[in-house]
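The block underneath contains the structure these notes are about, expressed in structure tokens.
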Amino acid sequence: MNSTKFLKVYDNLNSKFHYLGEIMDELIKKGAVELSRLIKNGETSSEEVVKAHLKRIKEVNPEINAITISLEESALELAIKSDNASKEEKARPLHGVPFTIKENIDFEGLPTTDGLPFFAEEFPPKNAPIVDRMLSAGAIPIGRTNLPEMGLRLDTDNPLRGRTFNPWNKKLTPGGSSGGEAAAIATGMSPIGLGNDVGGSLRNPAYCCGISSIKPTVGRVPGVHSGAMENIGLIAPFLTDGPMARKVEDIKTGLSILAGRHIDDPNSVDVPLEGKMPEKFKAALVKEIDGIELPPATVREIEEAGKILSENGWDVEEVQAPELDKVYDIWGVILAEGGMQLAPKELFKPETAAYLDRYSETFSHINLSMDEKFTERFRLRKVWSNFLNKYQVCIGPTWCNLPWQIDTDLNPKLGDDELKKSFYFIAPANGLGLPAVALATGVSEGIPTGIQIYADLFRDDLALLAAEIIEKEKPCPSPINPN
């Protein structure tokens, strides 16, 4: 190639890279806890950190529409205040660090829209407890993030805020319902954020966008909501808020900040974040699921995770997960009767309403009374607790399929099969209240891949311990530039 042609190609590439924000500010690559340490040590300032993330939002958000509202003015004011804080205030775990908030979590002064035009002016009376706890930890709200209508899809699109794109491939779902949150963190617009999970909504988008999250044991983190989510009824045993980030260290810190009873959530409890450790650690590997062929890339990641744990002294055994079909059915049928009724169908797009009706019908064969359904759920919780006491953790897929093309869930011919594959191995945490970590571990053929780590009720610490060990060998592949 002659020099003139080379320079022309270089200029074209450089222009493209510049447009995509190819030269990332080093600050947006760092995790939340690391940023807090840098601020505490005087190696950077909160103002510099917040400005770097605001700049990133301006560069990248037009490409993927993850952040619905940027809180530039208030974030900069709080950053300057953080830099002039007392020594005691600067000791807080996330002092001066920006974070983002999903748009179905109450944040005073901004609407809790749930992705519906009907709720565009639904202003909450006060912050959700988890928002107040992040503020008390020194963190700075920098933006609100997108979700599907009422959080009831595994794709993120709504008639109020529009579509959020997967930053790895715009043709693929970013996951849902915390898809905006995951896409923002995956592209360096935010180091840590708040989402929630009743059907995988923390873990689905973490898997699709290449970040990490935990669905905490239900009850560990208080869930207090206004508007349509105020009285959640039947789905209360399934729903929890939780943290999302790129590093397990940040997930652990986020959980420690969010956890603990709050008077407005009668189901919330105070439980120690760490329990007694066994003399010998044992992990179960789920590489095969009856009736479903797992993607080869997922199987490789599960195998590599097992190898890493084995090299770190764990006993590792390949197993079949117990009664997945019954867990999936019980969760699905209760959600169909409870969660799908959170808002009148008239408020949804017609194609979304049709999808909700269609998917609910897939559980119509389960002829049990509500009492019998919860009795069966209680039995399955015992089965899985026994399983997760024999093995401290269970490692398997997050989804049993790859991220699918956008709007596949709305397709009457393709949607039900793909949704079942997506939901099948996240169902134990969905239906039984178990803690589960979605851990991004690599990239295969241009899209992120990863694993899911289960532990017994209120042993979130064991799932996070295994995740930390694996992460040292298999670091998170993001942040990235939108592709």
Which residues share a salt bridge (Lys or Arg N to Asp or Glu O under 4.0 Å) with Lys307, sequence neighbours left out: none
For Phe118, all residues meeting ring pair (Phe, Tyr, Trp, His ring centres under 6.0 Å), sequence neighbours excluded: none
Starting from the C-alpha separation in whole Å, work towards a yes-or-no answer on salt bridge (Lys or Arg N to Asp or Glu O under 4.0 Å) for Lys349 and Asp157. CA-CA 10 Å; Lys349 293 187 298 185; Asp157 184 26; 3.2 Å; yes
Sequence neighbours excluded, the answer for salt bridge (Lys or Arg N to Asp or Glu O under 4.0 Å) partners of Glu304 is Lys474
Could you go through Ser385 and Asp456, starting from their C-alpha distance and side-chain angles, then the distance that decides it, and tell me whether this counts as side chain to side chain donor-acceptor pair (under 3.5 Å)? CA-CA 6 Å; Ser385 279; Asp456 193 16; 2.7 Å; yes
Are Leu255 and Pro216 close enough that some pair of their side-chain heavy atoms sits under 4.5 Å apart? yes
List in chain and number order the residues that pass salt bridge (Lys or Arg N to Asp or Glu O under 4.0 Å) with Glu311, two or more places apart in sequence or in another chain; answer none if no residue qualifies. none
Please round to the nearest 0.5 Å and tell me the distance separating atom CD1 of Ile480 and atom CD1 of Ile211. 11.5 Å
If we ignore hydrogens and angles and just use 3.5 Å, is the side chain of Ser310 paired with the main-chain N or O of Val316 as donor and acceptor? no
Nearest non-hydrogen partners of Ile28 and Pro479, listed with the distance: O-CG, 4.0 Å
Measuring from Glu468:CD to Asp461:CG, what's the distance to the nearest 0.5 Å? 10.5 Å
State whether Glu317 and Lys282 are salt-bridged, where the test is any N-O pair (Lys NZ or Arg NE/NH1/NH2 against Asp/Glu carboxylate O) under 4.0 Å. yes
Tell me the closest heavy-atom pair linking Pro167 and Ile64, and the distance in Å. CA-CG2, 4.2 Å
If you define the side chain from C-beta out and look only at heavy atoms, does anything of Met370 sit under 4.5 Å from Glu337? yes
Mark yes when over 12 heavy atoms from residues, nucleotides or ligands other than Glu351 sit less than 6.0 Å from its CD; otherwise mark no. yes
Lys472 atom NZ, over 12 foreign heavy atoms within 6.0 Å: no
Modelled atom types, side-chain donor and acceptor of Thr449 and Glu301, under 3.5 Å: no
Taking all non-hydrogen atoms of both residues into account, name the closest pair between Cys400 and Ile289 and its distance. SG-CD1, 3.6 Å
Set of salt bridge (Lys or Arg N to Asp or Glu O under 4.0 Å) partners for Asp460, sequence neighbours left out: Arg220
Counterpart residues, ring pair (Phe, Tyr, Trp, His ring centres under 6.0 Å), relative to Phe425 (two or more places apart): Tyr454
For residues 397-409, which residue pairs pass the salt bridge (charged side-chain N to carboxylate O under 4.0 Å, His left out) check, not counting sequence neighbours? Arg153-Asp407, Arg153-Asp409, Arg163-Asp407
Does anything in residues 188-210 pair up under salt bridge (charged side-chain N to carboxylate O under 4.0 Å, His left out), and if so which pairs, sequence neighbours excluded? Asp197-Arg203, Asp197-Lys215
Could you tell me whether a side-chain N or O of Glu372 sits under 3.5 Å from a main-chain N or O of Ser369, the two making a donor and an acceptor? yes
Main-chain N/O of Lys276 paired with Arg459 side-chain donor or acceptor, under 3.5 Å: yes
Would you compute the distance between atom CD1 of Ile67 and atom CD1 of Ile57 and round it to the nearest 0.5 angstrom? 3.5 Å
Interatomic distance, Ile130 atom CD1 to Ile101 atom CD1 [nearest 0.5 angstrom]: 8.5 Å
To the nearest 0.5 angstrom, please state how far the CG atom of Asn411 sits from the CG atom of Leu419. 10.5 Å
Is a side-chain donor or acceptor of Asn166 paired with a backbone partner of Lys171 at a separation under 3.5 angstrom? no
Salt bridge flag under 4.0 Å for residues Asp250 and Lys252: no
Measure from the side-chain N and O atoms of Lys373 to the backbone N and O of Ile366, and report whether any donor-acceptor pair falls under 3.5 Å. no
Presence of salt bridge, Glu318 and Lys287, under 4.0 angstrom: yes
If you compare all heavy atoms of Ile69 against all heavy atoms of Leu110, which two are closest, and at what distance to 0.1 Å? CD1-CD2, 4.1 Å
Could you please spell out the steps behind the salt bridge (Lys or Arg N to Asp or Glu O under 4.0 Å) verdict for Asp416 and Lys420? CA-CA 6 Å; Asp416 292 353; Lys420 183 172 182 178; over 6 Å; no
For the backbone of Ala183 and the side chain of Thr187, can you confirm whether one donor and one acceptor N or O come within less than 3.5 Å of each other? yes
Tell me if a side-chain donor or acceptor on Thr298 pairs with a main-chain N or O of Leu294 at a distance below 3.5 Å. no
Heavy-atom donor-acceptor pair, Glu181 side chain to Gly195 backbone, under 3.5 Å: no
Taking side chain to side chain donor-acceptor pair (under 3.5 Å) as the test, write out the residues that go with Thr156, two or more places apart. none
Check: Met244 main-chain N/O paired with Ser213 side-chain donor or acceptor under 3.5 Å: no
Taking all atoms of both residues into account, what is the closest heavy-atom pair of Pro205 and Gly176, and its distance? CD-O, 3.7 Å
Would you check if there is a donor-acceptor pair between the side chains of Thr112 and Asn104 at a distance under 3.5 Å? no
Closest heavy-atom pair and its distance - Pro482, Val60: CG-CG1, 3.5 Å
By ring pair (Phe, Tyr, Trp, His ring centres under 6.0 Å), which residues pair with Trp399, not counting sequence neighbours? Tyr207, Trp404
For the residue pair Thr68 and Glu103, confirm or rule out a side-chain donor-acceptor distance under 3.5 Å. yes
Can I get a per-line list of side-chain donor-acceptor pairs under 3.5 Å for residues 319-326, giving both atom names and the distance, sequence neighbours left out?
unit_1, atom_1, unit_2, atom_2, d
Glu323, OE1, Arg379, NH2, 2.7
Glu323, OE2, Arg379, NH1, 3.1

Distance in Å, Glu274 CD paired with Leu465 CG, rounded so as to fall on 0.5 Å steps: 9.0 Å
Are Ser177 and Lys102 close enough that a side-chain donor and a side-chain acceptor fall under 3.5 Å? yes
Using atom types as modelled and distance alone, determine if a side-chain donor or acceptor of Asn204 lies under 3.5 Å from a backbone N or O of Leu154. no
Tyr391 meets the ring pair (Phe, Tyr, Trp, His ring centres under 6.0 Å) criterion, sequence neighbours left out, with Phe387
